[in-house]
Amino acid sequence: MKTFCSVWLLLSLVELSPAPPASQEPPLACTGAPDPAPPQPETAEDMASTGDLEPTHYPARRAAQVALHYLNTHHGSPFRVFGLQQVHKASAEDVGAGGRKYKLDFSVTDWGSGSAGPALRCSADVLFPRTERHSAPEVQLHCEALHQINSTAQEDDAFYQKYISPDSAVSARDIPDSFGNMSEEMQPFWRLARVAASFIMLRESSENTEFNMAKVASVTQQESREEQLMLEFVVLLHDFPSQEIVQWKLLASWSPDRGVRVLQTEWQPRCPHATKPPN
Amino acid sequence: MILARKFYSSKMKGLLVLTALFVAVFGKKTFEGDQVLRITAKNEAQIFLLKELSEQEHLGLDFWREPVHESLPVDVYVPFHSLQAVRVFLRYNQIQYNVMIMDVQDLLDDEEREMVKYRTIPRSTDDFVYTAYHDLNSIYSFMDMLVAENSNLVSKIVIGQSYENRPLNVLKFSTGANRPGIWFDTGIHSREWVTQASGIWFAKKIVTDYGRDPVLTDILNNYDIFLEIIANPDGFVYTHSNDRMWRKTRKPNPGSSCVGVDPNRNWEIGFGGPGASSNPCSQTYHGPSVHSEPEVKAIVDFVKSHGKLKAFVSIHSYSQMLLYPYGYTRTSAKDQVELHELARKAVSELQSLHNTAYTYGSVITTIYQADGITVDWTYEQGIKYSYTFELRDTGRYGFLLPADQIIPTAEETWLALMAIMEHTKNNPY
């Protein structure tokens with residue numbers, strides 16, 4: 001079985017195209033492999049629910065989480081990652097040729113500034129297309145005072161200077177570890193992973209998913225390219241409705257000027273019977 | 001006298017050199033590099049110098065044997081930062097010495113290693129480290145210690161065996177016979193580590209507060225409390241040994257290479273519906289049949305045979321939610337209004353401590369449709385106050401909640417549990 005897993009992974013590596021689990025066939029070599037995010041069938045009420053939504057219920061929260069991923073892809077950095085604090089108001093309506101648009105009013109906090117970070121008020125339109133094959137939601141977002149929050153330029157630069165040097169070769173696993181421990185040195189890498197993972201989480205989201213990053217399985221610094229820090233991450237994502245842990249390998253670049261870019265992503269199926277994924 | 005003074009003044013230079021080499025010390029936490037020197041003075045002049053040396057407070061020296069007479073050795077503890085200076089001084093003045101202890105820290109490390117061997121096994125529940133995550137054996141030992149220390153109040157019941165034959169232990173807190181009961185379980189999903197850790201804290205809290213806190217004392221004088229700290233021991237062991245993210249039981253599934261059943265989809269209520277998976281590889285696999293998992297069956301049997309449970313709280317993480325039935329249907333529970341109001345009150349109590357924000361509502365509207373869940377079944381058994389908690393956090397650390405959040409989480413959750421217990425006591429049915 002283990003050899004089958006390795007063979008399959010070798011084949012999948014050759015492809016290197018993004019492989020959204022929501023639409024991909026489970027690897028044949030892993031018998032009975034799970035569909036990592038099986039879509040929950042919608043109940044009649046979900047389908048009909050148009051107009052105001054209860055902000056503490058899951059339909060509004062899932063849409064807000066999508067908006068959050070979008071926010072992090074645009075404004076996240078080694079010293080800034082946002083978390084959802086509260087949904088204030090939400091409504092939804094069906095739009096034209098399939099698709100449902102959510103209008104949201106919510107608050108986020110910056111996890112980078114410690115637990116007492118001020119809340120930022122945001123409004124967003126999140127459109128979930130209803131297509132046969134999964135396609136990414138579309139987000140329009142506006143956050144008040146986004147450019148007024150304390151700049152992290154100094155920390156960004158110091159971090160950049162430290163790791164852009166040619167002998168820098170950061171390599172670490174399990175961030176955080178089983179006990180939730182994360183060294184201070186690793187925190188900016190965790191945030192970068194979270195931002196990079198947000199690209200994937202945003203792309204893979206639907207009304208039937210709710211993603212968080214469960215942990216960074218590994219970070220390996222690659223040779224810097226075009227003055228960008230190059231980092232290869234393996235991240236574990238947790239999807240709430242299915243409770244699945246989904247593993248993705250990704251290659252991201254970052255610099256204070258260009259921000260985070262994700263260059264390659266690869267879904268790494270965990271053969272269910274294997275305890276650790278084949279490396 | 002004049003000779004001494006002349007002699008003294010040139011030797012003072014040595015001391016000044018010493019001082020110049022000195023670097024200020026601001027408290028030590030480690031003794032790495034510190035040494036103990038045995039000095040042999042050969043005449044009175046050298047003894048005199050050593051006495052002068054002993055008065056240089058900034059060096060941080062500790063004379064284990066003071067300089068008294070040239071026939072007696074002088075032992076001095078020298079902190080690392082002063083070593084070079086002291087050695088220079090001794091060489092300059094041609095005072096003989098040898099190193100008695102090369103590195104004090106090494107010595108201490110050896111000693112600590114010996115002590116730690118005994119210290120990691122707590123001798124009492126007062127010794128137990130509540131601010132850390134523990135493994136199965138430590139937690140089972142904790143239970144036995146708690147019972148031994150409070151045998152008038154606490155006993156341990158074994159309600160069954162897990163698939164891998166581990167005992168399913170329940171602590172019973174009771175002050176009298178034939179009482180109605182209140183049930184808490186933690187750790188039914190093994191990766192939710194803050195829940196088992198909180199369960200340990202709740203157990204200790206109960207024995208501490210009985211006889212001290214009037215509300216809890218009144219509750220325990222009328223109700224028994226049952227607490228199953230590790231509801232899924234096989235899964236829990238697996239999270240330590242193999243896969244920190246393991247959720248389900250560890251029972252193999254015939255015909256599949258995938259192991260385990262979701263113990264919170266295995267109950268006989270809406271079993272097999274769309275809010276669970278029929279795929280054995282799925283994290284929400286409901287299992288081959290209702291109550292197929294021994295971990296679930298044990299609780300089912302206990303609840304049925306007890307017959308008088310009045311509140312049932314199943315504790316999970318993460319999300320920060322307090323949920324009530326149903327998960328399998330959108331039809332409101334008969335007692336929805338009361339359950340909702342009690343949830344509001346419990347959450348308000350919880351929030352009062354550390355300002356942790358919780359949402360609350362029915363399972364199906366607040367979190368997702370889930371079929372075959374514990375509290376739907378207990379509710380249908382007539383246990384009106386059936387609740388599910390999702391503890392900290394909301395996704396930043398998720399399952400990997402840092403240990404320094406265990407106690408704040410347990411403390412705030414306890415306030416909510418007290419609200420539920422108090423309401424149960426004040427509204428008998």
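Scope of the values below: all heavy atoms of this structure, side chains included, with no hydrogens, waters or symmetry mates. Computed from a predicted structure; not experimentally measured.
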**Item:** Contacting region of A/Met213 [heavy-atom separation from chain B under 4.5 Å]
**Value:** backbone
**Prompt:** Among A/Arg61, A/Gln86, A/Glu54, A/Gln65, which residue forms the greatest number of heavy-atom pairs with chain B at distances under 4.5 Å?
**Reply:** A/Arg61
**Fill in**
dist B/Thr329:OG1 -> B/Gln369:CD (nearest 0.5 Å) comes out at 8.0 Å
**Request:** Calculate, to the nearest 0.5 Å, the distance between atoms CG and CD1 belonging to A/Leu202 and A/Ile200 respectively.
**Result:** 11.0 Å
**Item:** salt_bridge(A/Arg62, A/Glu207) N-O dist < 4.0 Å
**Value:** no
**Request:** Would you confirm whether A/Arg80, through its side chain, and A/Asp110, through its main-chain N or O, come within 3.5 Å as a donor-acceptor pair?
**Result:** no
**Request:** Let me know if B/Tyr285 has heavy atoms under 4.5 Å from chain A in its side chain, its backbone, both or neither.
**Result:** neither
**Message:** Report which part of B/Phe399 has an atom under 4.5 Å of a heavy atom belonging to chain A: side chain, backbone, both, or neither.
**Reply:** side chain
**Prompt:** What residue, out of B/Leu401, B/Ile367, B/Thr359, has the most heavy-atom pairs lying under 4.5 Å from chain A?
**Reply:** B/Ile367
**Message:** Side chains of B/Asp234 and B/Thr249 only: does a donor on one sit below 3.5 Å from an acceptor on the other?
**Reply:** no
